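Structure first, commentary second.
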Number of protein chains: 2
Amino acid sequence: MTDPKPTHDIEAVFHQKGIPFTRQRRQIWEFFAGADRAATIAETADALRGDGVGQATVYRTVQLFNDLGLLARVQDGQGELCYIAPPIGHSHPLVCGVCRRVIRFDGDGDLTELEALLGAETGFSIYGHHLEVYGICPSCQQTRREGDDGE
Amino acid sequence: MTDPKPTHDIEAVFHQKGIPFTRQRRQIWEFFAGADRAATIAETADALRGDGVGQATVYRTVQLFNDLGLLARVQDGQGELCYIAPPIGHSHPLVCGVCRRVIRFDGDGDLTELEALLGAETGFSIYGHHLEVYGICPSCQQTRREGDDGE
DNA sequence: GGCTCAGTTGAGAACTCTTCTCAACGGTGT
DNA sequence: ACACCGTTGAGAAGAGTTCTCAACTGAGCC
Ligand SMILES: [Mn+2]
Ligand SMILES: [Mn+2]
Ligand SMILES: [Zn+2]
Ligand SMILES: [Zn+2]
(Lines give C-alpha, C1' and ligand atoms only; values in the text may rest on other atoms or scores of the structure.)
(Ligands and ions follow the chains in the order given, each with its own letter.)
Protein backbone atom coordinates (compact mmCIF):
# COMPACT_ATOMS: atom_id res chain seq x y z
CA MET A 1 0.00 0.00 0.00
CA THR A 2 2.90 2.38 0.58
CA ASP A 3 4.92 4.22 -2.04
CA PRO A 4 2.91 4.10 -5.24
CA LYS A 5 5.42 4.22 -8.08
CA PRO A 6 6.61 7.77 -8.50
CA THR A 7 7.59 7.97 -12.13
CA HIS A 8 6.00 10.74 -14.11
CA ASP A 9 7.14 10.95 -17.69
CA ILE A 10 7.72 14.61 -17.22
CA GLU A 11 9.34 15.20 -20.57
CA ALA A 12 6.22 13.90 -22.27
CA VAL A 13 4.06 16.20 -20.17
CA PHE A 14 6.06 19.22 -21.29
CA HIS A 15 6.22 18.17 -24.87
CA GLN A 16 2.54 17.52 -24.99
CA LYS A 17 1.83 21.01 -23.66
CA GLY A 18 4.34 22.62 -26.00
CA ILE A 19 6.49 23.92 -23.15
CA PRO A 20 10.26 23.76 -23.63
CA PHE A 21 12.04 21.27 -21.43
CA THR A 22 15.33 22.91 -20.58
CA ARG A 23 18.49 21.66 -18.97
CA GLN A 24 17.60 23.55 -15.78
CA ARG A 25 14.15 22.04 -15.63
CA ARG A 26 15.63 18.60 -16.01
CA GLN A 27 18.12 19.19 -13.24
CA ILE A 28 15.51 20.49 -10.86
CA TRP A 29 13.26 17.59 -11.69
CA GLU A 30 16.03 15.10 -11.08
CA PHE A 31 16.79 16.71 -7.76
CA PHE A 32 13.25 16.05 -6.54
CA ALA A 33 12.76 12.70 -8.24
CA GLY A 34 15.99 11.43 -6.73
CA ALA A 35 15.22 12.63 -3.22
CA ASP A 36 13.49 10.60 -0.56
CA ARG A 37 12.67 13.59 1.54
CA ALA A 38 10.94 16.91 1.17
CA ALA A 39 13.01 19.99 0.33
CA THR A 40 12.34 23.70 0.53
CA ILE A 41 12.85 25.90 -2.51
CA ALA A 42 15.81 27.56 -0.84
CA GLU A 43 17.45 24.20 -0.20
CA THR A 44 16.91 23.21 -3.79
CA ALA A 45 18.45 26.43 -5.00
CA ASP A 46 21.46 25.88 -2.74
CA ALA A 47 21.90 22.33 -3.93
CA LEU A 48 21.88 23.32 -7.58
CA ARG A 49 23.77 26.58 -7.32
CA GLY A 50 27.03 25.02 -8.35
CA ASP A 51 25.44 23.24 -11.28
CA GLY A 52 24.53 26.32 -13.22
CA VAL A 53 20.96 26.78 -12.11
CA GLY A 54 20.06 30.27 -10.96
CA GLN A 55 17.83 30.83 -8.00
CA ALA A 56 15.21 32.75 -9.93
CA THR A 57 14.89 29.69 -12.10
CA VAL A 58 14.47 27.40 -9.14
CA TYR A 59 11.68 29.54 -7.76
CA ARG A 60 9.96 29.75 -11.11
CA THR A 61 10.36 26.09 -11.88
CA VAL A 62 9.20 24.68 -8.57
CA GLN A 63 6.09 26.78 -8.91
CA LEU A 64 5.61 25.63 -12.46
CA PHE A 65 5.98 21.98 -11.49
CA ASN A 66 3.60 22.46 -8.65
CA ASP A 67 1.04 24.12 -10.92
CA LEU A 68 1.34 21.23 -13.33
CA GLY A 69 0.71 18.82 -10.49
CA LEU A 70 4.19 17.33 -10.75
CA LEU A 71 5.19 18.29 -7.23
CA ALA A 72 3.21 18.41 -4.01
CA ARG A 73 3.58 20.78 -1.11
CA VAL A 74 4.00 19.44 2.40
CA GLN A 75 4.77 21.05 5.74
CA ASP A 76 7.60 19.71 7.81
CA GLY A 77 7.66 19.41 11.58
CA GLN A 78 8.52 23.10 11.96
CA GLY A 79 5.76 24.24 9.62
CA GLU A 80 8.22 24.96 6.81
CA LEU A 81 6.89 24.66 3.29
CA CYS A 82 8.58 21.88 1.37
CA TYR A 83 8.04 20.03 -1.86
CA ILE A 84 8.20 16.39 -2.79
CA ALA A 85 8.25 14.56 -6.08
CA PRO A 86 5.60 12.63 -7.96
CA PRO A 87 2.54 11.99 -5.88
CA ILE A 88 1.31 9.99 -8.84
CA GLY A 89 -2.39 9.33 -8.71
CA HIS A 90 -4.05 9.85 -5.36
CA SER A 91 -1.65 9.59 -2.45
CA HIS A 92 -0.72 11.24 0.81
CA PRO A 93 2.62 11.71 2.51
CA LEU A 94 3.90 10.26 5.75
CA VAL A 95 6.56 12.74 6.83
CA CYS A 96 9.34 12.25 9.35
CA GLY A 97 9.13 15.22 11.67
CA VAL A 98 12.87 15.15 12.22
CA CYS A 99 14.55 14.52 8.87
CA ARG A 100 11.59 15.07 6.50
CA ARG A 101 11.89 11.70 4.87
CA VAL A 102 8.66 11.08 3.03
CA ILE A 103 6.81 7.88 2.33
CA ARG A 104 3.79 8.15 0.11
CA PHE A 105 0.75 6.01 0.64
CA ASP A 106 -2.52 5.69 -1.10
CA GLY A 107 -5.72 5.03 0.73
CA ASP A 108 -7.10 7.29 3.38
CA GLY A 109 -9.71 6.34 5.93
CA ASP A 110 -12.40 6.66 3.28
CA LEU A 111 -12.66 10.38 3.25
CA THR A 112 -15.13 10.23 0.38
CA GLU A 113 -17.81 9.26 2.82
CA LEU A 114 -16.76 11.98 5.24
CA GLU A 115 -16.76 14.53 2.45
CA ALA A 116 -20.24 13.61 1.34
CA LEU A 117 -21.46 14.00 4.89
CA LEU A 118 -19.73 17.34 5.32
CA GLY A 119 -21.10 18.62 2.05
CA ALA A 120 -24.61 17.68 3.02
CA GLU A 121 -24.33 19.23 6.47
CA THR A 122 -22.68 22.49 5.48
CA GLY A 123 -23.75 23.20 1.91
CA PHE A 124 -20.10 23.49 0.91
CA SER A 125 -19.26 22.05 -2.46
CA ILE A 126 -16.28 19.89 -1.58
CA TYR A 127 -13.50 19.67 -4.11
CA GLY A 128 -10.56 18.14 -2.33
CA HIS A 129 -8.62 17.42 0.78
CA HIS A 130 -5.15 17.49 2.15
CA LEU A 131 -3.89 14.81 4.48
CA GLU A 132 -0.45 14.45 5.96
CA VAL A 133 0.60 11.97 8.60
CA TYR A 134 3.54 12.73 10.86
CA GLY A 135 5.89 10.36 12.55
CA ILE A 136 9.52 9.67 13.33
CA CYS A 137 11.26 7.42 10.87
CA PRO A 138 13.16 4.36 12.09
CA SER A 139 16.61 5.89 11.68
CA CYS A 140 15.63 9.06 13.52
CA GLN A 141 14.14 6.98 16.33
CA GLN A 142 17.50 5.25 16.51
CA THR A 143 19.45 8.48 16.66
CA ARG A 144 17.12 9.88 19.26
CA ARG A 145 17.51 6.79 21.44
CA GLU A 146 21.29 6.97 21.25
CA GLY A 147 21.32 10.63 22.22
CA ASP A 148 19.15 9.79 25.24
CA ASP A 149 21.94 9.43 27.76
CA GLY A 150 19.73 10.28 30.67
CA GLU A 151 18.64 13.64 29.31
CA MET B 1 -20.77 16.91 14.14
CA THR B 2 -19.59 20.23 12.79
CA ASP B 3 -18.17 23.14 14.76
CA PRO B 4 -17.18 21.82 18.14
CA LYS B 5 -17.44 24.70 20.58
CA PRO B 6 -14.42 26.92 20.19
CA THR B 7 -14.00 28.50 23.60
CA HIS B 8 -10.61 28.12 25.20
CA ASP B 9 -10.23 29.85 28.52
CA ILE B 10 -7.08 31.41 27.30
CA GLU B 11 -6.56 33.66 30.26
CA ALA B 12 -6.50 30.63 32.52
CA VAL B 13 -3.95 28.95 30.28
CA PHE B 14 -1.63 31.91 30.55
CA HIS B 15 -2.13 32.36 34.22
CA GLN B 16 -1.50 28.75 34.89
CA LYS B 17 1.78 28.90 33.00
CA GLY B 18 2.81 32.13 34.67
CA ILE B 19 2.90 34.06 31.41
CA PRO B 20 1.59 37.63 31.48
CA PHE B 21 -1.65 38.16 29.62
CA THR B 22 -1.32 41.61 28.11
CA ARG B 23 -3.76 43.93 26.42
CA GLN B 24 -2.18 43.12 23.05
CA ARG B 25 -2.48 39.41 23.58
CA ARG B 26 -6.12 39.81 24.47
CA GLN B 27 -6.80 41.87 21.33
CA ILE B 28 -5.08 39.39 19.07
CA TRP B 29 -6.92 36.56 20.70
CA GLU B 30 -10.26 38.29 20.28
CA PHE B 31 -9.48 38.93 16.65
CA PHE B 32 -9.13 35.22 15.99
CA ALA B 33 -11.85 34.03 18.35
CA GLY B 34 -14.31 36.43 16.74
CA ALA B 35 -13.46 35.47 13.16
CA ASP B 36 -15.18 32.80 11.16
CA ARG B 37 -12.42 32.58 8.62
CA ALA B 38 -8.71 32.02 8.55
CA ALA B 39 -6.39 35.02 8.55
CA THR B 40 -2.73 35.51 7.73
CA ILE B 41 -0.39 37.15 10.20
CA ALA B 42 -0.08 40.15 7.91
CA GLU B 43 -3.85 40.57 7.76
CA THR B 44 -4.04 40.35 11.50
CA ALA B 45 -1.37 42.99 11.89
CA ASP B 46 -3.20 45.26 9.45
CA ALA B 47 -6.49 44.79 11.25
CA LEU B 48 -5.02 45.68 14.62
CA ARG B 49 -2.62 48.40 13.52
CA GLY B 50 -5.04 51.17 14.46
CA ASP B 51 -5.72 49.64 17.85
CA GLY B 52 -2.25 50.03 19.24
CA VAL B 53 -0.82 46.63 18.47
CA GLY B 54 2.57 46.66 16.77
CA GLN B 55 3.36 44.25 14.02
CA ALA B 56 6.31 42.69 15.80
CA THR B 57 3.91 41.83 18.59
CA VAL B 58 1.46 40.24 16.19
CA TYR B 59 4.16 38.03 14.72
CA ARG B 60 5.43 37.06 18.14
CA THR B 61 1.99 36.45 19.56
CA VAL B 62 0.58 34.37 16.74
CA GLN B 63 3.62 32.15 17.01
CA LEU B 64 3.21 31.95 20.75
CA PHE B 65 -0.46 31.04 20.48
CA ASN B 66 0.36 28.47 17.88
CA ASP B 67 3.07 26.95 20.06
CA LEU B 68 0.62 26.77 22.94
CA GLY B 69 -1.84 24.98 20.71
CA LEU B 70 -4.34 27.81 20.86
CA LEU B 71 -4.30 28.45 17.13
CA ALA B 72 -4.03 26.10 14.21
CA ARG B 73 -2.34 26.67 10.88
CA VAL B 74 -4.24 26.07 7.66
CA GLN B 75 -3.45 26.71 4.02
CA ASP B 76 -5.93 28.59 1.92
CA GLY B 77 -6.74 27.93 -1.72
CA GLN B 78 -3.62 29.77 -2.88
CA GLY B 79 -1.36 27.94 -0.51
CA GLU B 80 -1.10 30.94 1.81
CA LEU B 81 -0.42 30.21 5.44
CA CYS B 82 -3.31 31.26 7.67
CA TYR B 83 -4.38 30.74 11.25
CA ILE B 84 -7.70 29.95 12.84
CA ALA B 85 -8.95 30.02 16.39
CA PRO B 86 -9.63 27.29 18.89
CA PRO B 87 -9.59 23.88 17.36
CA ILE B 88 -10.65 22.66 20.78
CA GLY B 89 -10.13 18.98 21.23
CA HIS B 90 -9.57 17.00 18.07
CA SER B 91 -10.98 18.65 14.98
CA HIS B 92 -10.17 19.47 11.39
CA PRO B 93 -11.03 22.44 9.22
CA LEU B 94 -13.24 22.62 6.17
CA VAL B 95 -11.93 25.67 4.34
CA CYS B 96 -13.64 27.69 1.62
CA GLY B 97 -11.11 28.00 -1.18
CA VAL B 98 -12.49 31.37 -2.14
CA CYS B 99 -13.17 33.34 1.05
CA ARG B 100 -11.38 31.15 3.60
CA ARG B 101 -14.41 30.71 5.78
CA VAL B 102 -13.67 27.81 8.09
CA ILE B 103 -15.95 25.24 9.59
CA ARG B 104 -14.43 22.87 12.08
CA PHE B 105 -15.51 19.31 12.33
CA ASP B 106 -14.51 16.44 14.49
CA GLY B 107 -14.34 12.92 13.25
CA ASP B 108 -12.15 11.87 10.40
CA GLY B 109 -12.54 8.67 8.45
CA ASP B 110 -10.97 6.78 11.35
CA LEU B 111 -7.40 7.62 10.69
CA THR B 112 -6.36 5.77 13.83
CA GLU B 113 -6.69 2.53 11.97
CA LEU B 114 -4.79 3.92 8.98
CA GLU B 115 -2.05 5.19 11.27
CA ALA B 116 -1.64 1.84 12.96
CA LEU B 117 -1.32 0.20 9.60
CA LEU B 118 1.19 2.75 8.37
CA GLY B 119 3.24 2.46 11.52
CA ALA B 120 3.39 -1.30 11.19
CA GLU B 121 4.33 -1.18 7.53
CA THR B 122 6.96 1.52 7.70
CA GLY B 123 8.42 1.38 11.19
CA PHE B 124 7.62 5.06 11.65
CA SER B 125 6.42 6.02 15.08
CA ILE B 126 3.31 7.99 14.20
CA TYR B 127 2.51 10.99 16.34
CA GLY B 128 -0.09 12.97 14.48
CA HIS B 129 -1.80 13.98 11.32
CA HIS B 130 -3.04 16.99 9.52
CA LEU B 131 -6.27 16.93 7.57
CA GLU B 132 -7.93 19.77 5.74
CA VAL B 133 -10.94 19.53 3.50
CA TYR B 134 -11.49 22.12 0.79
CA GLY B 135 -14.72 23.32 -0.73
CA ILE B 136 -16.65 26.37 -1.82
CA CYS B 137 -19.00 27.75 0.78
CA PRO B 138 -22.64 28.38 -0.08
CA SER B 139 -22.31 32.14 -0.40
CA CYS B 140 -19.25 31.87 -2.64
CA GLN B 141 -21.08 29.35 -4.82
CA GLN B 142 -23.84 31.92 -5.10
CA THR B 143 -21.48 34.72 -6.08
CA ARG B 144 -19.73 32.51 -8.58
CA ARG B 145 -23.03 31.54 -10.20
CA GLU B 146 -24.09 35.18 -10.52
CA GLY B 147 -20.80 36.14 -12.12
CA ASP B 148 -21.23 33.30 -14.62
CA ASP B 149 -22.79 35.36 -17.40
CA GLY B 150 -21.54 33.08 -20.10
CA GLU B 151 -17.88 33.43 -19.22
C1' DG C 1 -3.43 51.47 46.52
C1' DG C 2 1.56 51.52 45.53
C1' DC C 3 6.18 48.98 44.84
C1' DT C 4 9.15 45.88 42.32
C1' DC C 5 10.76 43.25 38.70
C1' DA C 6 10.76 40.08 35.05
C1' DG C 7 8.58 39.73 30.84
C1' DT C 8 6.53 42.39 26.97
C1' DT C 9 6.13 45.96 23.64
C1' DG C 10 7.04 48.94 19.38
C1' DA C 11 9.56 52.01 16.05
C1' DG C 12 12.72 51.46 13.04
C1' DA C 13 16.66 49.12 11.27
C1' DA C 14 18.38 44.99 9.65
C1' DC C 15 17.95 40.98 7.53
C1' DT C 16 16.00 37.34 4.62
C1' DC C 17 13.12 35.62 1.20
C1' DT C 18 10.95 36.19 -3.26
C1' DT C 19 10.11 38.51 -7.51
C1' DC C 20 11.40 41.49 -11.25
C1' DT C 21 14.17 43.26 -15.22
C1' DC C 22 16.04 42.66 -19.57
C1' DA C 23 19.78 41.29 -22.50
C1' DA C 24 21.78 36.89 -23.73
C1' DC C 25 20.73 32.22 -24.42
C1' DG C 26 18.85 27.78 -26.01
C1' DG C 27 14.89 24.40 -27.00
C1' DT C 28 11.93 23.22 -30.75
C1' DG C 29 10.07 22.66 -35.19
C1' DT C 30 11.12 23.05 -39.91
C1' DA D 1 21.35 25.03 -39.92
C1' DC D 2 17.95 28.67 -38.97
C1' DA D 3 14.50 31.45 -36.85
C1' DC D 4 11.43 32.14 -33.34
C1' DC D 5 9.95 32.70 -28.90
C1' DG D 6 10.05 31.17 -24.36
C1' DT D 7 13.67 30.66 -20.72
C1' DT D 8 17.50 32.03 -18.01
C1' DG D 9 20.48 34.61 -14.55
C1' DA D 10 22.90 38.54 -12.29
C1' DG D 11 21.73 41.99 -9.84
C1' DA D 12 18.36 45.17 -8.11
C1' DA D 13 14.10 45.86 -6.15
C1' DG D 14 10.46 44.69 -3.35
C1' DA D 15 8.10 41.94 0.41
C1' DG D 16 7.93 39.75 4.43
C1' DT D 17 9.95 38.69 8.94
C1' DT D 18 12.97 39.29 12.76
C1' DC D 19 15.92 42.01 15.75
C1' DT D 20 17.29 45.74 19.02
C1' DC D 21 16.82 48.02 23.16
C1' DA D 22 14.76 51.65 25.87
C1' DA D 23 10.24 52.37 27.76
C1' DC D 24 6.42 50.07 29.56
C1' DT D 25 3.17 46.96 32.01
C1' DG D 26 1.09 42.76 34.22
C1' DA D 27 1.36 40.14 38.34
C1' DG D 28 2.53 39.16 42.88
C1' DC D 29 3.13 41.19 47.33
C1' DC D 30 3.17 44.40 50.96
MN1 LIG E 1 -7.13 11.12 0.01
MN1 LIG F 1 -8.09 13.59 13.00
ZN1 LIG G 1 13.69 10.80 10.03
ZN1 LIG H 1 -16.52 31.20 0.67
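Nothing here was measured: the structure is a model prediction, and the numbers come from that model. The sequence lines fix the lettering, A, B, ..., with proteins before strands; numbering per chain opens at 1.
Note on A/Gly18: nothing from the nucleic acid sits closer than 4.0 angstrom, heavy atoms only. Nucleic acid contact for B/Ile41: none, since no nucleic acid atom lies under 4.0 Å from a heavy atom of the residue. Residue contacts for B/Arg60: at a heavy-atom cut-off of 4.0 Å it reaches a base atom on one of the strands shown.
Considering only side-chain N and O atoms, B/Tyr59 lies nowhere under 4.0 angstrom from the phosphate OP1 or OP2 of D/dT18. For C/dG7, neither phosphate oxygen OP1 nor OP2 lies less than 4.0 angstrom from any side-chain nitrogen or oxygen of B/Thr22. Residue B/Gln55 places no side-chain N or O under 4.0 Å from the OP1 or OP2 atom of D/dG16. For A/His15 and C/dG27, the shortest distance from a side-chain N or O to OP1 or OP2 is not below 4.0 Å. Phosphate proximity of C/dT8 to B/Arg23: absent, as no side-chain N or O sits under 4.0 Å from OP1 or OP2.
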*Steps toward side chain to side chain contact (heavy atoms under 4.5 Å, CB included) verdict (B/Arg25, B/Ile10)*: CA-CA 10 Å; B/Arg25 284 171 180 171; B/Ile10 191 180; over 6 Å; no
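For A/Arg144, the CZ atom sits in a loose shell: 12 or fewer heavy atoms of surrounding residues, nucleotides or ligands are nearer than 6.0 Å.
Atom CD of A/Gln27 is separated from atom C1' of C/dG27 by 15 Å (rounded to the nearest Å). Distance, B/Phe14 CZ to D/dG26 P: 14 Å, rounded to whole Å. Taking atom CD1 of B/Ile19 as the reference point, atom C1' of C/dG7 lies 10 Å away to the nearest angstrom.
The backbone N or O of B/Glu132 sits nowhere less than 3.5 Å from a side-chain atom of B/Gln75 that would complete a donor-acceptor pair. Judged by distance alone, the side chain of B/Arg26 and the main-chain N or O of B/Glu11 form no donor-acceptor pair under 3.5 Å.
Taking the side chain as every heavy atom from C-beta outward, A/Val133 and A/Phe105 approach each other to under 4.5 Å.
Using five terminal pairs a side, the axes of the helix from C/dG1-D/dC30 to C/dT30-D/dA1 at its two ends make an angle of 60°, given in steps of 10 degrees.
Comparing A/Ala56 and B/Gln24 along DNA chain C, the residue whose closest nucleotide (by nearest heavy atom) sits nearer the 5' end is B/Gln24. Between B/Pro20 and B/Gly52, the residue whose closest nucleotide on DNA chain C is further toward the 5' end is B/Pro20.
When ring centroids are compared, B/His92 and A/His130 stay outside the 6.0 Å threshold.
Remark: A/Arg100 engages A/Glu43 in a salt bridge, criterion side-chain N to carboxylate O under 4.0 Å.
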